[in-house]
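Hydrogens, waters and symmetry mates are skipped; everything else that's a heavy atom, side chains included, is used.
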Amino acid sequence: MSSILAFDLGASSGRALLGRLTDGKIEVEELHRFPNDPVQAGDRLYWDILRLYHEIKQGLLKAKHRGIDLQSMGIDSWAVDFGFIGKNGELAGNPYHYRDRHTEEAMERVMAEIPAGVIFARTGIQFLPFNTIYQLYALKQAKSPVLQEGSRLLMIPDLLRYFLTGEMHNEFTNATTTQLYNPVTDDWDPELLRLLDLPRSWFGNVLKPGELAGRLQPSVCEELGVASIPVYAVAEHDTGSAVAAVPATEKSFAYLSCGTWSLMGTEVDKPVLHELAQKLNFTNEGGFGNTFRLLKNIMGLWILQECRREWEREGRSYSFPELVQLASNAKPLATFIDPDDDLFLPPGDMPERIAEYCRRTSQAEPDGVGEIVRCILESLALKYRYVFEMTERLSGQSFGGLHMVGGGIQNTLLCQWTANAIGKPVWAGPSEGSAIGNLAVQWIAQGAFADIWEARKAIRESFPVETYEPSDSELWVGAYKRFRTLTGLGDCDE
């Protein structure tokens with residue numbers, strides 16, 4: 001029996017998932033779960049990186065106390081955010097949260113210096129205001145002391161690996177999300193670094209998923225009383241790990257990794273860098289096995305999570321199942337938002353922002369919690385259809401349905417409404433997609449699986465997949481037309 005550990009860090013919580021492989025069947029057990037709450041200090045929003053490191057050590061201790069002999073471990077997390085290691089080997093400043101406002105107008109200022117077409121042609125990455133490239137530009141403009149002290153940039157999993165192993169490496173899937181990595185030359189892009197005056201020395205060698213990144217260093221082993229286990233670079237962008245876990249049977253498939261963010265796309269052998277991909281603001285992020293994830297970011301369940309936080313601040317607490325039940329009883333297909341409107345990006349009073357969006361688009365405001373939740377979920381399902389159709393067009397493929405993975409699939413209404421919206425089946429599972437993909441890459445590295453397709457076959461045979469067939473097609477076709485009109489998205493063919 002092979003026992004390995006996956007640390008999967010999401011934007012709102014983290015978990016340590018124990019994986020066991022017995023006769024080709026995968027068993028998983030959650031050893032440790034913990035919140036990942038950002039910290040507001042003054043005008044800045046930070047990640048509590050040392051708390052996350054502490055929680056990783058707690059996961060290792062829990063495995064030790066259970067007498068589990070671990071063969072390896074790996075870490076995946078969200079993308080774009082980073083920390084700097086100073087010349088003395090210590091952390092230089094606390095990492096900013098991608099929702100911090102320090103990048104306001106940074107993207108526009110960079111594109112005033114470097115045309116958007118040049119940036120996309122050299123990186124293939126979609127334009128989001130919090131991409132690493134714009135965070136670094138904003139820090140330079142602010143003359144941040146972190147840049148004066150820092151000598152190596154490490155993405156969040158890279159940083160945590162450094163604390164564990166003492167070795168500094170960048171990893172491919174996360175490096176590509178910085179909008180500073182060239183997928184054609186397979187290296188940091190020297191021209192962009194030159195134009196932005198970013199030292200090449202900040203950016204280290206890039207490991208591919210499945211490469212050994214080090215072992216637990218002696219100080220960690222002594223502190224925790226554990227063995228010096230191997231630490232692998234997995235697909236360290238959590239979406240890369242989630243896609244590795246998609247239990248597809250054919251090479252051509254569409255996926256939706258559903259959580260705080262929704263990420264929809266397909267797997268391709270080469271990045272799609274033509275003008276239409278840039279116009280539709282798609283991205284080409286690195287994947288396992290030198291593939292690329294042609295996908296688009298969608299705001300996801302963040303909007304619902306922020307609504308729930310706002311209601312809690314008002315003294316009204318709802319579980320997510322309660323919110324889903326309230327939504328199921330609300331009037332259908334009444335009010336729509338574009339989940340990706342800039343209005344919904346920062347934290348804050350999301351119910352009021354939804355009302356503001358409705359006023360702006362001459363719609364009736366949702367009345368009560370159930371109608372607000374239904375508006376969010378139905379709007380997400382309709383946005384999924386829009387992106388699904390764009391993915392088919394850009395990839396030149398036609399998909400028979402959609403694979404949904406991640407914690408969001410526990411929302412059965414969202415799964416069903418997504419099937420209704422796209423007019424094709426939705427196959428939902430596994431829910432712990434990122435962590436399972438993390439485990440799969442470790443097992444491939446160790447030779448337990450021959451390749452990703454053998455791993456996907458094992459995942460398909462080890463975890464249940466729920467099928468949602470589309471219904472109420474005529475109603476949803478009409479709703480999609482109204483959604484496009486109200487949101488101003490138009491037709492993806494335009």
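- Here the CG-CD1 distance, from Leu153 to Ile85, works out to 10.0 Å after rounding to the nearest 0.5 Å.
- With respect to the salt-bridge test (charged N to carboxylate O, under 4.0 angstrom), the residues Glu104 and Arg101 qualify.
- Residues Ser3 and Ile68 come closest through the heavy atom pair CB-CG2, 3.9 Å.
- Under the 4.0 Å criterion applied to side-chain N and carboxylate O atoms, Arg152 and Glu167 are not assigned as salt-bridge partners.
- Taking the six-membered ring wherever Trp is involved, the centroid distance between the rings of Tyr46 and Tyr96 falls below 6.0 Å.
- Looking only at side-chain heavy atoms (C-beta outward), Met404 and Leu402 come within less than 4.5 Å of each other.
- Using a 4.0 Å cut-off between a side-chain N of Lys or Arg and a carboxylate O of Asp or Glu, Glu356 and Arg353 do not qualify as a salt bridge.
- Met390 is listed as a side-chain neighbour of Val387, based on a closest heavy-atom distance under 4.5 Å.
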Under the side-chain contact (heavy atoms from CB on, under 4.5 Å) rule, what do Met73 and Leu164 come out as? Steps first, then yes or no, please.
CA-CA 11 Å; Met73 63 167 284; Leu164 290 168; 3.6 Å; yes
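- Looking only at atom types and distance, the side chain of Thr239 has no donor-acceptor partner in the side chain of Glu285 under 3.5 Å away.
- Residues forming a side-chain hydrogen bond (donor to acceptor under 3.5 Å, both in side chains) with Trp311 (at least two apart in sequence, or on another chain): none.
- For Lys57, the side chain to side chain contact (heavy atoms under 4.5 Å, CB included) test picks out Tyr53, Glu223, Leu224, with sequence neighbours left out.
- For Glu310 and Arg313, the salt-bridge test passes: some basic side-chain N is under 4.0 Å from an acidic carboxylate O.
- In this structure, Lys457 NZ and Ile452 CD1 are separated by 14.0 Å, a value rounded to the nearest 0.5 Å.
- Residues Gln135 and Asn131 have side chains that never bring a donor and an acceptor to within less than 3.5 angstrom of each other.
- A donor-acceptor pair shorter than 3.5 Å cannot be found between the side chains of Glu267 and Tyr255.
- Defined by atom type and a distance below 3.5 Å, a donor-acceptor pair is present between the side-chain atoms of Ser72 and Gln442.
- Figure legend: Arg308 and Phe320 shown as a cation-pi pair, the cationic atom lying under 6.0 angstrom from the six-membered ring centre and within 45 degrees of its axis.
- A salt bridge does not link Arg20 to Glu27: none of the charged side-chain nitrogens sits closer than 4.0 Å to a carboxylate oxygen.
- Residue Thr266 holds its OG1 atom at 11.0 Å from CG of Leu394, rounded to the nearest 0.5 Å.
- Salt-bridge annotation for Arg161 and Glu171: absent, with no side-chain N of the basic residue lying under 4.0 Å from a carboxylate O of the acidic one.
- For residues 190-211, every residue pair satisfying the ring-ring contact (aromatic ring centres under 6.0 Å, His included) rule, not counting sequence neighbours, is listed here: Phe84-Trp202, Trp188-Phe203.
- In this structure, the side chains of Thr103 and Tyr137 stay at 4.5 Å or more apart for every pair of heavy atoms.
- Under the 3.5 Å distance criterion, with hydrogens and angles disregarded, a donor-acceptor pair is assigned to the side chains of Arg15 and Ser13.
- A salt bridge links Glu30 to Arg33: one of the charged nitrogens lies within less than 4.0 Å of a carboxylate oxygen.
- For the residue pair His97 and Asp81, no side-chain donor N or O sits within less than 3.5 Å of a side-chain acceptor on the partner.
- Here the shortest heavy-atom pairing between Phe7 and Asn438 reads O-ND2, 3.5 Å.
- A salt bridge links Arg200 to Asp187: one of the charged nitrogens lies within less than 4.0 Å of a carboxylate oxygen.
- Arg215 CZ to Tyr232 OH: the interatomic distance, rounded to the nearest 0.5 Å, is 8.5 Å.
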Checking Asp338 against Tyr357 for the side-chain contact (heavy atoms from CB on, under 4.5 Å) test, could you report, in this order, the C-alpha distance in whole Å, the side-chain angles of both residues, the deciding distance, and whether it holds?
CA-CA 9 Å; Asp338 180 359; Tyr357 186 94; 3.5 Å; yes
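- No side-chain donor-acceptor contact under 3.5 Å links Tyr181 and Thr123.
- The two residues Leu136 and Leu180 come nearest to each other via the heavy atoms CD1-CD1, 3.8 Å.
- Note: Ser431 OG to Ile409 CD1 = 5.0 Å, rounded to the nearest 0.5 Å.
- Residue Gln446 holds its CD atom at 10.0 Å from CG of Leu212, rounded to the nearest 0.5 Å.
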Report the C-alpha separation of Glu275 and Phe120 in whole Å, then their side-chain angles, then the decisive distance to 0.1 Å, and conclude whether the side-chain contact (heavy atoms from CB on, under 4.5 Å) test is met.
CA-CA 9 Å; Glu275 187 178 343; Phe120 188 81; over 6 Å; no
I'd like to know whether Asp100 forms a side-chain contact (heavy atoms from CB on, under 4.5 Å) with Trp47, so could you lay out the CA-CA distance, the side-chain angles of the two residues, the decisive distance to 0.1 Å, and finally the verdict.
CA-CA 10 Å; Asp100 184 78; Trp47 291 111; over 6 Å; no
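- Under a cut-off of 6.0 angstrom, the local environment of NZ in Lys270 is sparse, with at most 12 non-hydrogen atoms contributed by other residues, nucleotides or ligands.
- Between Arg51 and Glu55, at least one side-chain N (NZ, or NE/NH1/NH2) sits under 4.0 Å from a carboxylate O, which counts as a salt bridge.
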